[in-house]
Amino acid sequence: MSLLIVLDLLVAVAAAAGWIGAGAAAAAGRRRLAIGLFAGAIAASLGRVGTVLALAGSGWWFVQEKVLVALPLLGVAGVVAVLAGRGPARVVWLLTAGYAAAAGLLVTVLVGYPVGWGEALVTVALVGTAALLTARATGRSAPTAAVAVVIAAGLIGAGLVVLPADEGVEHRADAVPVSSLRGPDTPAPGGEVHRLTLTAQTATVELGSGRRVDAWTYNGQLPGPAITARQGDLIEVTLRNADIETGVTVHWHGYDVPSAEDGVPDLTQPAVPPGGEHQYRFRADQVGSYWYHTHSVSHVGVRRGLYGTLVVLPRDSAPVGLDLTVPVHTFDGVTVVGDQDQPAEHRVEPGTPVRLRLVNTDSAPRRFALAGTPYRLVAVDGQDLHRPGELAQVGLRLAAGGRYDLAFPMPQTPVLLQVGGATWLRLLPTGFAGAVPEPATGDWPELDLLHYGEPAPVDLGGAFDREFTLVLDRGFALVDGVPAFAQTVNGQAFPPAQQVREGELVRMTLVNRSLETHPWHLHGHRMLVLSRDGQAPAGSPLWLDTVDVRPGEVWRIAFRAENPGLWMNHCHNLPHADQGMMLHLVYDGVAH
Ligand code: C2O
Ligand code: CU
């Protein structure tokens, strides 16, 4: 699919180059060259019709601007160029077809989906202007009517483009402030209170190999303190900021806390400035593997080290023999697993139940492989899978921000965890003294979560009350008032908020038109995967907080709006979010 997207761009370039080249050659009187380029241009133009038809199979979002603007423009100019007699008129029309092809390419690259009347008219005006100027240059006078049409199209189009869009979010007078949306202040019966202070501070941290990292930390350590609680406990965190100039917060990734505790600056709280302080409090009701991180200038803060893990164990379960949380991060291009930049080793009694909680705290997906034992992937993003089968010799691609829990009994032989093809964790049976093999896992096939585990009925409890579609792409847009080749959603950087009412069942379609992966993350809610490219999961139901939408993919998810508040809905490739790929999900009746 991403191949098709690239191919479409290539034929578009070839078509533009072919038409312009043919026009230039004809103008220069190089007849044979002109005929050759002309034939190439026609072939490439027909080729683009082919790639557009093929892309259309994935959905209208992939071709709308091509079908409505690029191909009609090129079609008209191309047909006239074919029909135009020899001589200067033909030169003008050949070149005009070239401008049309180039403009169509620009519309795809800069505007994308959805193209509106404004962009369409501006494109027509640009091609028209170029054609008229070309006609002048070849000594022909342009018809007044044509000039008038081009000017009118340009003016109307520009007007439509700059007209402010309707933000669509109503503010009710009786709205409750998000800061009032807090949870219980006591643990559930039998639970405990965990009190902890996180102090955000710059620190030079020495890793196992002696390498030093100039980091932004919670409590001077990388990662921040691991928080472990039991279901029903109350977690109370005091965040202090010692010296992080950009401000800090704590966001509980994947944990559906009450909105006031969600840690999003300028949405649920002000960022905590140096010298400042903020309290978080929530009940640990969800069991599983999570993490926390700053949400203030997060593309810098998280990368530099403002993150830690959050694990909530079931209330009354016996402790697992070996329960290891394995957060993976990249500092200055170097992989760091937990607090180590070199492989770690554990001695484990054979037969011991082992649970490995893999956490990807980077902005790009990571590939894991577990060698030396069959195992089960028992939970994804903190949610247990239904009847996960035994796995061996598969690669596990973990989305940015995502978590996988692996479980197995310790065998009599070594078990190795690889990250990106290198061993990072060695579990050695007690008493084992032999050599530890180093398996090559790079060509192990990748596990497809949509075909893992067994189906189980999920009762969503009714029909969808609301539909949202997010088309992810790059395009020309304003980022903080500055024109940029932004990361866009529906053609906009930082698009208007989505609005829901409490209790609604929402279906969201995520379409990736771009050539990059977008790990889509919704705060405060778990998303049930309905389909990927039209295929419903054939295995376990999948409840995710981060959906890894790869180039060309279309995912449908559902969530129940049952956590009132103001929420982020964004790409967890954090630089993408910073470049526009984020919006808000706003509950009716909740205000800042
Ligand atoms: Cu882990 Cu809004 O992010
Ligand atoms: Cu992204």
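In this text the structure is predicted, and so the values were computed from the model without any measurement.
More than 12 heavy atoms of other residues, nucleotides or ligands sit less than 6.0 Å from atom CZ of Arg466. The number of heavy-atom neighbours closer than 6.0 Å to CH2 of Trp117, taken from other residues, nucleotides and ligands shown, is 12 or below. Counting non-hydrogen atoms of other residues, nucleotides and ligands closer than 6.0 Å to CD of Glu467 gives a total above 12.
At distances below 3.5 Å, not a single donor-acceptor pair connects side-chain atoms of Asp381 with backbone N or O atoms of Gln383. Put simply, the side chain of His386 gets close to the backbone of Glu454: a donor and an acceptor are under 3.5 Å apart. The backbone N or O of Val378 lies less than 3.5 Å from no partner atom in the side chain of Tyr404, so there is not a single donor-acceptor pair. Judged by distance alone, with hydrogens and angles left aside, the side-chain atoms of Tyr292 form no donor-acceptor pair with the main-chain N or O of Thr309 at under 3.5 Å. Judged purely by atom type and a 3.5 angstrom limit, Trp567 uses its side chain to pair as donor or acceptor with the backbone of Asn563. Judged by distance alone, with hydrogens and angles left aside, the side-chain atoms of Ser514 form a donor-acceptor pair with the main-chain N or O of Glu516 at under 3.5 Å. A donor-acceptor distance shorter than 3.5 angstrom exists from the side chain of Asp448 to the backbone of Leu450, with no hydrogens or angles considered. Thr423 places no side-chain N or O within donor-acceptor distance of the main-chain N or O of Leu425, the cut-off being under 3.5 Å. Put simply, the side chain of Glu119 gets close to the backbone of Gly116: a donor and an acceptor are under 3.5 Å apart. At distances below 3.5 Å, not a single donor-acceptor pair connects side-chain atoms of Thr96 with backbone N or O atoms of Ala77.
Aromatic ring centroids of His570 and His295 lie under 6.0 Å apart. Ring centroids of His525 and Phe559 are separated by less than 6.0 Å, placing the two rings close together. For His523 and His251, the ring centers sit closer than 6.0 Å to each other.
Using cut-offs of 30° and 60° on the angle between ring planes, the pair His293 and His253 is tilted.
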Verdict with reasoning, Thr294 to Val250, per side chain to side chain contact (heavy atoms under 4.5 Å, CB included): CA-CA 5 Å; Thr294 185; Val250 182; over 6 Å; no
Intermediate values then yes/no, side chain to side chain contact (heavy atoms under 4.5 Å, CB included), Tyr290 and Trp252: CA-CA 7 Å; Tyr290 301 89; Trp252 311 95; over 6 Å; no
Residue pair Phe485, Val109: steps toward the side chain to side chain contact (heavy atoms under 4.5 Å, CB included) verdict: CA-CA 9 Å; Phe485 190 43; Val109 172; 4.0 Å; yes
Full working for side chain to side chain contact (heavy atoms under 4.5 Å, CB included) between Leu416 and Thr441: CA-CA 11 Å; Leu416 307 175; Thr441 65; over 6 Å; no
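Side-chain polar atoms of Arg366 and Thr335 form a donor-acceptor pair below 3.5 angstrom. Donor-acceptor pairing under 3.5 Å is lacking for the side chains of Arg556 and Ser531. In this structure, a donor-acceptor pair under 3.5 Å is absent between the side chains of Thr546 and His572. Remark: the Arg403 side chain and the Ser289 side chain contain no N/O donor-acceptor pair separated by less than 3.5 Å. When only modelled atom types and interatomic distance are considered, Asp362 and Thr330 share a side-chain donor-acceptor pair under 3.5 Å.
Nearest heavy-atom pair across Trp444 and Gly395 is CB-N, 3.9 Å. Residue Thr249 comes nearest to Pro265 through the heavy atom pair CG2-CD, 3.8 Å, listed as atom of the first residue, atom of the second, then distance. Closest approach of Pro495 to Val489, counting heavy atoms only: CG-CB, 3.6 Å. Between Leu566 and Ser259, the shortest heavy-atom contact is N-OG, 3.1 Å. Across all their heavy atoms, Leu505 and Gly462 have their closest contact at CD2-O, 3.4 Å. The shortest non-hydrogen separation linking Ala12 to Leu105 is CB-CD1, 3.6 Å.
Put simply, the side chain of Val511 does not reach to within 4.5 Å of the side chain of Leu470, judged on heavy atoms. Counting heavy atoms from C-beta on, the side chains of Leu358 and Leu417 come closer than 4.5 Å. Leu391 has its side chain within reach of Leu377: a pair of non-hydrogen atoms, C-beta onward, lies under 4.5 Å apart. Inter-residue side-chain proximity for Tyr452 and Leu542 is flagged as unmet; no heavy-atom pair is nearer than 4.5 Å. Counting heavy atoms from C-beta on, the side chains of Leu356 and Phe368 never come closer than 4.5 Å. Between Val297 and Asp578, every side-chain heavy-atom pair lies at or beyond the 4.5 Å cut-off. With a 4.5 Å cut-off on side-chain heavy atoms, Trp60 and Val67 count as touching. Put simply, the side chain of Asn573 does not reach to within 4.5 Å of the side chain of Thr517, judged on heavy atoms.
To the nearest 0.5 Å, atom CG of residue Leu530 and atom CD of residue Gln535 are 13.5 Å apart. Annotation: the span from Leu574 atom CG to His521 atom NE2 amounts to 9.5 Å, rounded to 0.5 Å. Summarising the geometry, atom CG belonging to Leu544 is positioned 8.5 Å from atom CG belonging to Leu528; distances are rounded to the nearest 0.5 Å. Atom CG in Asn360 sits 14.0 Å away from atom CZ in Arg367 (nearest 0.5 Å). Note that OG of Ser296 and CG of Asp266 are 8.0 Å apart. Values are rounded to the nearest 0.5 Å. Here the OG atom belonging to Ser363 is positioned 9.0 Å from the CZ atom belonging to Arg303, to the nearest 0.5 angstrom.
Under 4.0 Å is where a charged nitrogen must lie from a carboxylate oxygen, and between Arg550 and Glu446 at least one such pair does. Ion pairing of Arg526 with Asp256 is present here, as a side-chain N (NZ or NE/NH1/NH2) and a carboxylate O approach within less than 4.0 Å.
When the options Asp545, Asp548, Asn512, Asn569 are evaluated for a side chain to side chain donor-acceptor pair (under 3.5 Å) with Trp520, the one that passes is Asn569. Considering Leu585, Leu583, Ile557, Thr509 in turn, Leu585 is the only one that fulfils the side chain to side chain contact (heavy atoms under 4.5 Å, CB included) rule with Phe468. Among His299, Arg474, Met581, the single residue meeting the side chain to side chain contact (heavy atoms under 4.5 Å, CB included) criterion with His576 is Met581.
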Output side-chain donor-acceptor pairs under 3.5 Å for residues 41-59, partner residues at least two apart or in another chain, one line each.
from  : atom 1 : to     : atom 2 : distance (Å)
Ser45 : OG     : Trp19  : NE1    : 2.8
Ser45 : OG     : Ala41  : O      : 2.8
Arg48 : NE     : Asp8   : OD1    : 3.1
Arg48 : NH2    : Asp8   : OD2    : 3.0
Arg48 : NH2    : Thr108 : OG1    : 3.1
Thr51 : OG1    : Asp8   : OD1    : 2.7
Thr51 : OG1    : Arg48  : O      : 3.0

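The salt bridge (Lys or Arg N to Asp or Glu O under 4.0 Å) check on Asp473 picks up Arg513, with sequence neighbours excluded.
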